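Quantities reported herein were computed from a predicted structural model and do not represent experimental measurements. Just so you know, ligand 1 is whichever comes first in the structure, and atom 1 is the first atom listed for that ligand.
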Amino acid sequence: MGTVVVVGAGIIGSSVAYHCARLGAEVTLVDKTLPGAGATGDSFAWIGASDRVPGPGGPLRAAALREYRRLADEVPDVRVRWTGSLSWGGAEPENVREAGARLLDADAVAALEPHLRHPPERAVHLAGDGVVDPVATTDALVAAAVAQGARTLFATVVTGLRRAGGQVVGVETTAGAVGADAVVLAAGADVAVLCAPLGVAVPVASSPALLLRLTGPPDLVRTVIATPEVEIRAGRDGELLAPLAHTGETTATALARSAERARGRIAAMFHSGEDVRLRSVRVGARPMPVGGHPLIGPLVPGAYLAVMHSGVTLAPVAGRLVAEEVVHGVEAPELHGCRPG
Ligand SMILES: Cc1cc2nc3c(=O)[nH]c(=O)nc-3n(C[C@H](O)[C@H](O)[C@H](O)COP(=O)(O)OP(=O)(O)OC[C@H]3O[C@@H](n4cnc5c(N)ncnc54)[C@H](O)[C@@H]3O)c2cc1C
């Protein structure tokens with residue numbers, strides 16, 4: 001494929017654009033706002049080897065951490081902090097053994113997280129897990145794509161897919177039409193709307209989830225901590241990040257109340273936790289394929305779908321495999337379980 005349009009500059013579209021450009025394709029990356037402004041910007045961005053939804057995405061998960069190392073070598077501005085993760089109380093991953101996990105006792109947990117008030121008697125430690133700044137990573141991928149010759153069209157909405165003889169041949173945008181041999185649809189939660197005119201159902205929902213940004217004492221959390229009640233890690237500049245499930249709140253007051261309850265749970269977990277303060281609450285629109293498994297592959301001739309949950313973890317491996325399929329026509333066995341339809 002000579003020319004490729006990628007719709008969506010989240011972490012998935014940016015990774016696809018970079019990998020396609022690296023293979024020599026003429027790439028145009030289009031986004032209605034700016035890179036990382038979708039679900040990516042509101043992500044907890046824990047990159048982990050484990051999977052709580054085993055199934056078709058397994059081979060991608062298995063390669064995810066290795067592919068991050070490869071990508072960080074190729075694109076130095078992709079920076080992973082290899083913090084490791086600690087899970088307990090029912091939040092342990094199911095595929096613990098394959099993921100290379102170790103069981104730790106309370107002393108070992110306390111050595112890793114000295115500020116915990118009550119270290120658990122038993123926790124699963126995944127030393128190889130890490131975290132990224134998802135927007136900085138997306139920006140780095142866009143810059144690397146541009147360095148390989150890709151063109152970007154930001155603040156540009158894709159309003160439709162151009163078709164000729166049953167084949168998708170490009171996109172209509174608010175900045176004009178762009179022709180392409182292949183269009184990669186990486187528009188996250190908006191992908192179903194974008195694909196509706198094709199007459200193909202794309203079973204992807206927009207699934208809200210909250211991201212809390214907090215301040216607290218320096219060095220309060222060192223790893224990624226996951227329990228059924230709290231997930232938390234350190235972010236940039238001493239900030240703490242904590243994702244929270246959306247439980248049907250529909251008013252700002254109800255969202256604020258849920259966030260405050262979560263802050264209270266976090267405060268209770270740590271010595272000096274009373275100094276933890278809520279800085280902001282965001283609601284991210286996660287692209288969520290029905291069944292939870294990635295949807296990656298040809299949709300109709302000329303159009304290729306790339307949408308998944310845990311997209312921050314999967315971006316390097318998914319981007320590389322999509323590019324090899326789209327640009328070189330090399331089918332990836334790892335993607336066989338992920339095909340649309
Ligand atoms: C609170 C929260 C916590 C999370 N935690 C994790 C985690 O710990 N680990 C992990 O791996 N994943 C996590 N995720 C999920 C992860 O963030 C997403 O899977 C990933 O960011 C999806 O990336 P994407 O590029 O597919 O979508 P997006 O980032 O949503 O990007 C889609 C892009 O398409 C653009 N677009 C849409 N329609 C159009 C159009 N018509 N024209 C032009 N552009 C368009 C949008 O502007 C957007 O930039 C979390 C998500 C949330 C919200």
Side-chain angles (χ1 to χ4, degrees), residues 5-17 28-53 57 60-61 64-65 68 85 129-132 134-135 137-139 141-142 152-161 171-175 178 183-197 204 206-213 224 226 231-233 235 241-246 259 262 281-289 292 294-296 305-319 322:
V5 166
V6 181
V7 183
I11 198 160
I12 296 297
S14 302
S15 179
V16 170
T28 304
L29 175 62
V30 192
D31 199 285
K32 64 181 178 182
T33 58
L34 277 170
T40 298
D42 297 319
S43 185
F44 186 51
W46 169 12
I47 57 173
S50 65
D51 196 348
R52 284 185 197 84
V53 191
L60 297 184
R61 279 277 187 173
L65 300 184
Y68 252 103
S85 68
D129 282 5
V131 297
V132 293
V135 177
T137 304
T138 304
D139 285 341
L141 287 167
V142 172
T152 58
L153 284 176
F154 298 147
T156 302
V157 184
V158 171
T159 52
L161 303 174
V171 293
E172 304 288 349
T173 82
T174 46
V178 186
V183 174
V184 178
L185 299 158
D190 291 331
V191 83
V193 174
L194 202 58
C195 294
V204 175
S206 175
S207 165
L210 282 64
L211 185 72
L212 278 49
R213 293 177 192 277
V224 177
E231 288 188 7
I232 190 161
R233 72 169 179 92
L241 302 180
L244 192 60
H246 177 247
V281 184
R282 297 268 311 167
V283 180
R286 297 177 301 175
M288 192 64 74
L295 285 176
I296 306 175
L305 191 63
V307 62
M308 65 210 76
H309 181 49
S310 297
V312 175
T313 299
L314 300 179
V317 60
V322 169

**Fill in**
Ranking S15, A45, S14 by closest non-hydrogen atom to atom 7 (C) of ligand 1, top hit is A45

**Asked** If only atom types and distance count, is the side chain of S85 paired as donor or acceptor with the main-chain N or O of V224 below 3.5 Å?
**Response** no

**Request:** For G8, take its heavy atoms, then give the atoms of ligand 1 lying under 4.0 Å from any of them.
**Result:** 33 (C), 34 (O), 35 (C)

**Message:** If we check side-chain contact (heavy atoms from CB on, under 4.5 Å) with V322, which of these qualifies: L305, V6, I12, V16?
**Reply:** V16

**Request:** For atom 20 (C) of ligand 1, state which one of G10, G311, G38 supplies the nearest heavy atom.
**Result:** G311

**Request:** Kindly indicate whether the side chain of S310, heavy atoms from C-beta on, has any atom under 4.5 Å from the side chain of R61.
**Result:** yes

**Message:** Suppose we measure from atom 22 (C) of ligand 1 to each protein heavy atom; which comes out shortest, and what is that distance?
**Reply:** P287 CG, 3.9 Å

**Request:** Just need the protein heavy atom nearest to atom 14 (N) of ligand 1, so name the residue and atom and give the distance.
**Result:** S43 OG, 3.3 Å

**Asked** Is the closest side-chain heavy-atom distance between T33 and F154 below 4.5 Å?
**Response** no

**Item:** Smallest separation among heavy atoms of A189 and P287, with atom names
**Value:** N-CB, 3.5 Å

**Request:** Using distance alone, determine whether H309 and ligand 1 share an N or O pair under 3.5 Å.
**Result:** no

**Message:** Rounded at 0.5 Å granularity, tell me how far OG1 in T173 sits from CG in L153.
**Reply:** 6.0 Å

**Request:** Output yes when the distance from some N or O of ligand 1 to some N or O of G188 is under 3.5 Å, and no in every other case.
**Result:** no

**Asked** V184 versus V7: any side-chain heavy-atom pair under 4.5 Å?
**Response** no

**Item:** Residue and atom name of the nearest protein heavy atom (relative to atom 10 (C) of ligand 1), distance in Å to one decimal
**Value:** S310 CA, 3.6 Å

**Item:** L60 side chain reached by I296 side chain, heavy atoms, under 4.5 Å
**Value:** yes

**Item:** Heavy-atom side-chain proximity of I11 to L141 below 4.5 angstrom
**Value:** yes

**Request:** Specify the protein heavy atom at minimum distance from atom 29 (O) of ligand 1: its residue, its atom name, and the distance to 0.1 Å.
**Result:** T40 OG1, 2.5 Å

**Asked** Of L212, V131, L241, I232, which is the lone residue that meets side-chain contact (heavy atoms from CB on, under 4.5 Å) with F44?
**Response** L241

**Fill in**
Near G284 (heavy-atom distance under 4.0 Å), the atoms of ligand 1 are 53 (C)

**Residue pair T174 / T159, side-chain heavy-atom distance below 4.5 Å** = yes

**Complete:** So for D190 against ligand 1, with non-hydrogen atoms under 4.0 Å, the contacting part is side chain

**Prompt:** Within less than 4.0 angstrom of ligand 1, does V157 place any heavy atom?
**Reply:** yes

**Request:** With atom 32 (C) of ligand 1 as the reference point, say which of A285, A37, A187 has the nearest heavy atom.
**Result:** A187

**Message:** Less than 4.0 Å is my threshold; does some heavy atom of L210 fall inside it relative to ligand 1?
**Reply:** yes

**Prompt:** Which atoms from ligand 1 have a heavy atom of T33 less than 4.0 Å away?
**Reply:** 47 (O)

**Prompt:** At a 4.0 Å threshold, what atoms of ligand 1 neighbour a non-hydrogen atom of D42?
**Reply:** 1 (C), 2 (C), 52 (C), 53 (C)

**Message:** Show the atoms of ligand 1 that are less than 4.0 angstrom away from any heavy atom in I12.
**Reply:** 23 (O), 24 (P), 25 (O), 26 (O)

**Asked** M308 near ligand 1, heavy-atom distance under 4.0 Å?
**Response** yes

**Request:** Report yes or no: does A189 have a heavy atom closer than 4.0 Å to ligand 1?
**Result:** no

**Request:** Measure A186 to ligand 1 on non-hydrogen atoms and call it side chain, backbone, both or neither using the 4.0 Å cut-off.
**Result:** backbone

**Message:** With heavy-atom distances below 4.5 Å as the criterion, would you say the side chains of D129 and I47 are in contact?
**Reply:** no

**Fill in**
Honestly, for K32 the part within reach of ligand 1 (heavy atoms, under 4.0 Å) is both

**Request:** Examine the proximity of ligand 1 to T156 and report which part, side chain or backbone, both or neither, has a heavy atom under 4.0 Å away.
**Result:** backbone

**Prompt:** In Å, rounded to the nearest 0.5 Å, how long is the span from CG of L211 to CZ of R282?
**Reply:** 9.0 Å

**Prompt:** What protein heavy atom sits nearest atom 30 (O) of ligand 1, and how far away is it?
**Reply:** A39 N, 3.0 Å

**Item:** Shortest heavy-atom approach to atom 48 (C) of ligand 1 - which of T159, V30, D31
**Value:** D31

**Contact check: I11 vs ligand 1, nitrogen or oxygen atoms, below 3.5 angstrom** = yes

**Asked** Taking atom types as modelled and ignoring hydrogens, do the side chains of R286 and S43 form a donor-acceptor contact shorter than 3.5 angstrom?
**Response** no

**Item:** Validation row: E172, V178 side chains within 4.5 angstrom (heavy atoms)
**Value:** no

**Asked** Just how far is it from atom CG of L185 to atom CG of D190, taken to the nearest 0.5 Å?
**Response** 11.5 Å

**Complete:** atom 40 (C) of ligand 1 has as its nearest protein heavy atom V158 N, 3.8 Å

**Prompt:** Near R286, which atoms of ligand 1 are under 4.0 Å from a heavy atom of that residue?
**Reply:** 51 (C), 52 (C), 53 (C)

**Prompt:** Would you say ligand 1 has an N or O under 3.5 Å from any N or O of L194?
**Reply:** no

**Closest approach of any protein heavy atom to atom 3 (C) of ligand 1, naming residue and atom** = F44 N, 3.3 Å

**Item:** For W46, the ligand 1 atoms whose distance to one of its heavy atoms is below 4.0 Å
**Value:** 7 (C), 8 (O), 9 (N), 10 (C), 11 (O)

**Message:** If you apply the rule side chain to side chain contact (heavy atoms under 4.5 Å, CB included), what do you find for Y68 with V317, and how did you get there?
**Reply:** CA-CA 8 Å; Y68 252 103; V317 60; over 6 Å; no

